[in-house]
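Keep in mind that this is a model prediction, so the values were computed, not measured.
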Amino acid sequence: MLVVRAFFDGVTSTLTYVVHDPASRDAVILDPVLDFDPRALTTNETALAPVVTHVREAGLVVRMVLETHAHADHLSGAQALKRAYPTAPVAIGSGIAQVQARFRALLGLGAGFAVDGSQFDRLLHDEERVTAGTLTFRVLFTPGHTEGCASFHFPAGDGLVFTGDALFMPDTGVGRCDFPGGDARLLYRSVTEKLYLLPPQTLAHTCHDYQPNGRALRYAATIDEQRRTNAQLCVTTGEAEFVAFRTTRDAILDAPRLLYPSVQVNVAAGRLPEPLGAYFRPQLAKITH
């Protein structure tokens with residue numbers, strides 16, 4: 001039975017996960033957060049500190065850092081973790097290349113910005129079986145929120161899947177589809193033809209929890225619960241109905257507060273942009289083991 005530890009960042013409503021094998025102590029970290037103050041243009045590693053403390057105190061060996069997609073609402077802490085765990089590759093679905101190509105022009109990243117995913121240590125492919133120490137998982141491409149979204153299915157025990165922004169908690173629904181490259185029809189098919197076909201007892205972990213109506217934090221629900229009760233996309237929801245709903249809903253949503261700096265950093269595997277590097281001033285000492 002794999003052990004999952006979730007770390008909630010209240011500023012961005014984001015979950016970072018550490019998954020480990022209790023026998024070998026091998027671990028992977030998913031969707032790490034780097035704190036960013038857009039007014040002062042400073043970064044810090046407050047959100048990462050408890051993750052690193054947990055890894056140290058539990059005696060874990062970090063074998064991989066996984067990103068479900070290029071997030072649009074927080075900066076990735078992947079490079080800070082790479083400094084702490086230099087042998088752990090930073091991995092993402094190969095669809096990141098499409099996202100990079102789309103945003104290179106939109107964000108003025110320059111002709112020299114590579115759009116082949118080479119900023120990441122490893123690109124993962126749809127249906128690929130991946131080994132990270134004694135951990136194994138299957139990659140499921142689940143585009144729609146972005147072109148490059150991937151979910152990671154760990155089949156051990158009753159099964160775990162980390163869905164990024166494809167699924168939120170059942171009382172919230174699913175991710176928005178109005179970012180460049182987003183596609184509600186693709187998201188519908190990703191959820192219904194991939195995630196909802198996983199074994200019903202599989203525990204789906206989300207990248208965010210927005211705690212509607214002030215309820216307590218919740219970040220995992222079975223696939224069965226999602227299929228039956230997801231507020232925006234359950235098994236009885238038709239594709240045309242979902243696309244119409246998502247299109248109408250997305251039209252009234254505000255842009256994420258950190259949209260532009262997040263995408264600029266995250267398409268580069270969490271590296272701060274060179275032209276602005278002098279303005280992103282880390283405020284805390286680098287994390288250590």
Neighbour count above 12 (heavy atom, 6.0 Å) for [X] [atom1]:
{"X": "Arg185", "atom1": "CZ", "value": "no"}
{"X": "Arg249", "atom1": "CZ", "value": "no"}
{"X": "Phe245", "atom1": "CZ", "value": "yes"}

Salt-bridge test for [X] and [Y]: reply yes if a basic N is under 4.0 Å from a carboxylate O, no otherwise.
{"X": "Asp171", "Y": "Arg215", "value": "yes"}
{"X": "Glu128", "Y": "Arg138", "value": "no"}
{"X": "Asp21", "Y": "Arg25", "value": "no"}

Any chance you could lay out the ring pair (Phe, Tyr, Trp, His ring centres under 6.0 Å) test for Phe141 and His125, step after step, and finish with the verdict?
CA-CA 8 Å; Phe141 279 12; His125 303 285; 7.3 Å; no

Determine whether a donor-acceptor pair (N or O, by modelled atom type, separation under 3.5 Å) exists between the side chain of [X] and the backbone of [Y].
{"X": "Thr247", "Y": "Ala244", "answer": "no"}
{"X": "Ser262", "Y": "Leu259", "answer": "no"}
{"X": "Asp209", "Y": "Arg218", "answer": "yes"}
{"X": "Arg228", "Y": "Gln226", "answer": "no"}
{"X": "Thr172", "Y": "Phe168", "answer": "no"}
{"X": "Arg122", "Y": "Val90", "answer": "no"}
{"X": "Glu147", "Y": "Ile96", "answer": "no"}
{"X": "His74", "Y": "Ala72", "answer": "no"}
{"X": "Glu67", "Y": "Leu30", "answer": "no"}

Look at the side-chain heavy atoms of Ile, Leu, Val, Met, Phe, Trp and Tyr, link any pair under 4.5 Å apart, and say whether [X] and [Y] land in one connected group.
{"X": "Leu60", "Y": "Val51", "answer": "yes"}
{"X": "Ile92", "Y": "Met64", "answer": "no"}
{"X": "Leu123", "Y": "Val267", "answer": "yes"}
{"X": "Phe8", "Y": "Val19", "answer": "yes"}

Using the six-membered ring wherever Trp is involved, compare the ring planes of His208 and Tyr210 and label them parallel, tilted or perpendicular (cut-offs 30° and 60°).
parallel

Parallel, tilted or perpendicular, judged at 30° and 60°: which one describes the rings of Phe137 and Phe152?
perpendicular

Can you see which heavy atom on [X] is nearest to which on [Y], and at what distance?
{"X": "Pro32", "Y": "Leu81", "value": "CB-CD1, 3.5 Å"}
{"X": "Leu233", "Y": "Tyr196", "value": "O-OH, 2.6 Å"}
{"X": "Gln201", "Y": "Thr222", "value": "O-CG2, 4.1 Å"}

Centroid-centroid under 6.0 Å between Tyr17 and Phe162 rings:
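When the ring centroids of Tyr17 and Phe162 are compared, they turn out to be within the sub-6.0 Å range.
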
Tell me, do [X] and [Y] make a side-chain contact under 4.5 Å, heavy atoms counted?
{"X": "Leu167", "Y": "Leu195", "answer": "yes"}
{"X": "Leu258", "Y": "Asp73", "answer": "no"}
{"X": "Glu45", "Y": "Leu34", "answer": "yes"}
{"X": "Leu140", "Y": "Leu198", "answer": "yes"}
{"X": "His54", "Y": "Ile29", "answer": "no"}

With no hydrogens and no angle check, just 3.5 Å: does a side-chain donor-acceptor pair link [X] and [Y]?
{"X": "His71", "Y": "Asp31", "result": "yes"}
{"X": "Thr142", "Y": "Ser151", "result": "yes"}
{"X": "Gln232", "Y": "Arg246", "result": "yes"}

CD1-NE2 distance between Ile223 and His153, expressed to the nearest 0.5 angstrom
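Those atoms lie 8.5 Å apart.
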
Taking atom CZ of Arg63 and atom OG1 of Thr134, what is their separation to the nearest 0.5 Å?
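Interatomic distance, Arg63 CZ to Thr134 OG1, rounded to 0.5 Å: 8.0 Å.
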
Applying side chain to side chain contact (heavy atoms under 4.5 Å, CB included), run through His69 and Asp165 and close with a yes or a no.
CA-CA 8 Å; His69 63 292; Asp165 288 7; 3.5 Å; yes

CA sep, side-chain torsions, deciding dist, call: Val265, Leu272, side chain to side chain contact (heavy atoms under 4.5 Å, CB included)
CA-CA 5 Å; Val265 167; Leu272 300 181; 4.1 Å; yes

